[in-house]
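All remarks here apply to the structure that follows.
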2 protein chains.
Amino acid sequence: MLSDVMEDYLKAIYTLQMEQGPPVSTSDIAEYLGKTPPTVTSMVGKLEERGLVDREKYKGVELTTEGETVALEVLRHHRLLEAYLTEHLDYSWSEVHDEADALEHHISEEFEKRVAAALGEPEVDPHGDPIPSADLTPPDSSGLSALSECEVGDHLVVARVSDRDPAELEYLSEAGVTPGTTIEVTDIAPFGMVTVRVGDDGREQSLPESVARTIRVRPPDEPSSEEVSPA
Amino acid sequence: MLSDVMEDYLKAIYTLQMEQGPPVSTSDIAEYLGKTPPTVTSMVGKLEERGLVDREKYKGVELTTEGETVALEVLRHHRLLEAYLTEHLDYSWSEVHDEADALEHHISEEFEKRVAAALGEPEVDPHGDPIPSADLTPPDSSGLSALSECEVGDHLVVARVSDRDPAELEYLSEAGVTPGTTIEVTDIAPFGMVTVRVGDDGREQSLPESVARTIRVRPPDEPSSEEVSPA
DNA sequence: ACCACGGATTAGATGCGTCTAAAGTAAAAG
DNA sequence: CTTTTACTTTAGACGCATCTAATCCGTGGT
């Protein structure tokens, strides 16, 4: 029996591990969750007692296999909910995150199953984030790079965007930068600003480095298995 | 900012007030929620401080207008969820209660609005319980009587059944006793057992008094405004 | 090597929701 | 009118998640 809060910590640690690799620092977790560092230290201690994380004092923390499984379960709930709200309840791309955060801890396995079925067992959510499979094996998101690492002239397909900031999502949606869209990098300013030509209508759009860093892209074409359609 | 737990207490008090009228006793609340009486006393004190209930020590408790509004909001969530799960996620009649209990505290106003829209602003849930309207005015369920109070020969339409016990619901569903069904009382045993002829197929079904007491019925026909269809 | 500084941990407190055990009260029964 | 009984409340404790204030590493600069 894990509390909602513990699930949130595990999800946070998982996400931070994906972004920066383990070990994850106390203050990064605190920052991510909006808690103070002592609070995190105390919570991490409890997670360690339960065998959900490995920890080295003053160093950092890393999920155990068991902890990762819990994180993936929560993430599966979260992303299925995002997909369901978008597809069946007419939510827009940028509205779903908070609702999914609130609900993810409270749905039953039965609910999870029925939502997944209603959606046709999807593999990505509306932001392009992979939905962990029902058996909770870690999804593989290799083959993607950050838009901020690309070069002028690159032709790319948007694969994932961060779902954390609704305002940013609103902006990207407006700009047409959505999972599945093809873009071309037309300019990179010295301070990291990336300019891209978007999709078919040839619009140009400049994105600050902070945003470009959160956008994952893949090479275009080479007939791949799944295709993502924008909201 | 009310906690989930406080919402549960208000919902419980509302329900008990509907069943037995105010005031509601500490031990009834404790029984209903599966808590100990001291726990209830303590919680009721906090609700009183916030102006959600009126209380007379050693007597009992009653919702204020404000407390009733909160209870109706939670009940609206609960019953909309029950209806949605039944209609759109293929849940059966008897499965929805626990899921709705878990989710009712965590959905946003936006979610409530969209679910209500997806259902076409329904007025009753699958068990026949009235769904409070969006403006949270108390629903009126006069004109209904308990099946246990009826007499041999009465022709009746099932209006509501209790949603609390899945096993009982399973049994009633099996028996064909669902909201909207027409029944005729054919026998009443001295210890309260009621026998009814159900619907068109003329099956006879005996119901213990404890069950008959939770079934609400109304007179048939007289062309009424809304009609309820069984799950 | 030393020391200073940034980040991490311990110490100690708070509010919530819960419990058990003990004390109190009200109403029915004698 | 007194006593019993059933129910309610007070007292005191606990675990969780959180905070602030104080202390404690460990590492990079001199």
Side-chain angles (χ1 to χ4, degrees), chain A residues 1-14 16-17 19-63 67 70-71 74 101-102 104-106, chain B residues 1-14 16-17 19-63 67 70-71 74 101-102 104-106:
Chain A
M1 287 298 89
L2 295 183
S3 67
D4 300 2
V5 174
M6 284 179 174
E7 290 184 354
D8 280 335
Y9 277 82
L10 294 172
K11 190 175 61 148
I13 295 167
Y14 180 87
L16 291 168
Q17 273 185 192
E19 283 175 11
Q20 350 172 311
V24 175
S25 78
T26 300
S27 45
D28 283 352
I29 300 171
E31 156 97 41
Y32 189 92
L33 291 173
K35 307 281 166 69
T36 60
T39 301
V40 173
T41 299
S42 137
M43 191 64 219
V44 160
K46 289 169 195 165
L47 295 174
E48 190 183 24
E49 278 175 17
R50 297 189 187 223
L52 297 163
V53 301
D54 284 334
R55 178 160 88 116
E56 225 179 322
K57 275 201 179 164
Y58 293 97
K59 285 301 202 306
V61 77
E62 181 172 0
L63 294 177
V70 174
V74 178
D101 256 5
E104 65 191 6
H105 307 295
H106 306 286
Chain B
M1 285 300 89
L2 295 181
S3 67
D4 299 3
V5 173
M6 285 180 172
E7 291 184 354
D8 281 335
Y9 276 83
L10 294 172
K11 188 175 60 150
I13 295 167
Y14 180 88
L16 291 168
Q17 274 186 192
E19 283 174 11
Q20 350 174 308
V24 176
S25 79
T26 300
S27 44
D28 284 352
I29 300 171
E31 157 97 40
Y32 189 93
L33 290 173
K35 307 281 166 71
T36 62
T39 301
V40 173
T41 298
S42 136
M43 191 65 219
V44 160
K46 288 171 195 165
L47 294 174
E48 191 184 23
E49 278 175 18
R50 297 189 188 222
L52 298 163
V53 302
D54 284 335
R55 180 161 88 116
E56 226 180 321
K57 278 203 178 164
Y58 292 98
K59 284 300 200 308
V61 78
E62 180 173 359
L63 293 178
V70 174
V74 178
D101 256 6
E104 65 190 7
H105 308 294
H106 305 287

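The structure displayed is predicted, hence computed values, not measured ones. Per chain, numbering begins at 1; letters A, B, ... match sequence-line order.
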field: Nearest non-hydrogen partners of B:L2 and B:L10, listed with the distance
entry: CD1-CD1, 4.1 Å
query: For the residue pair A:V44 and A:V53, what are the closest heavy atoms and their distance?
result: O-CG2, 3.9 Å
message: Need one value for B:S42: base, sugar-phosphate or nothing, where a base atom within 4.0 Å counts as base even if backbone is also close, heavy atoms only.
response: base
task: Specify the separation, in whole Å, of atom CG of B:D28 and atom P of D:dA6.
output: 16 Å
- request: Could you tell me whether the phosphate oxygens of D:dT9, OP1 or OP2, come under 4.0 Å of any side-chain nitrogen or oxygen in B:K57?
  value: no
field: Distance, rounded to the nearest Å, where A:Y58 contributes OH and C:dT10 contributes P
entry: 6 Å
query: Just how far, in rounded Å, is C1' of C:dG7 from CZ of A:R55?
result: 14 Å
message: If you compare every side-chain N and O of A:T41 against the phosphate oxygens of C:dT10 (OP1, OP2), does one of them come in below 4.0 Å?
response: no
- prompt: Taking for each residue the nucleotide of DNA chain D bearing the nearest heavy atom, is the 5' side occupied by A:P38 or by A:K59?
  reply: A:P38
Residue pair B:H105 / B:D4: nearest heavy atoms and the distance that separates them: CE1-O, 3.6 Å
- request: To the nearest Å, give me how far apart CG (B:L47) and P (C:dT18) are.
  value: 11 Å
task: Considering non-hydrogen atoms only, spot the tightest contact between B:P37 and B:A30 and give its length.
output: N-CB, 3.9 Å
- line: To the nearest angstrom, the CE-P distance between A:M1 and C:dT18 comes to 17 Å
Distance, rounded to the nearest Å, where B:L33 contributes CG and C:dC19 contributes C1': 16 Å
- prompt: When you check the phosphate oxygens OP1 and OP2 of C:dC19, does a side-chain N or O of B:T39 lie under 4.0 Å from one of them?
  reply: yes
query: Is any side-chain N or O of A:T26 closer than 4.0 Å to OP1 or OP2 of C:dT9?
result: yes
statement: Minimal heavy-atom distance between A:R50 and A:M1, with the atoms involved, is NH1-O, 3.2 Å
task: Name the nucleic acid region contacted by A:T36, choosing base, sugar-phosphate or nothing; use a 4.0 angstrom heavy-atom cut-off, strictly under.
output: base
query: Once you round it to whole Å, what is the distance between C1' of D:dC16 and CE of A:M6?
result: 8 Å
task: Using only side-chain N and O atoms of A:S25, determine if any of them is under 4.0 Å from OP1 or OP2 of C:dG7.
output: no
query: From D:dT8, C:dA8, D:dT18, pick the nucleotide closest to the side chain of B:S27?
result: D:dT8
message: Using whole Å, what does the distance between atom P of nucleotide C:dG17 and atom NE2 of B:H105 come to?
response: 12 Å
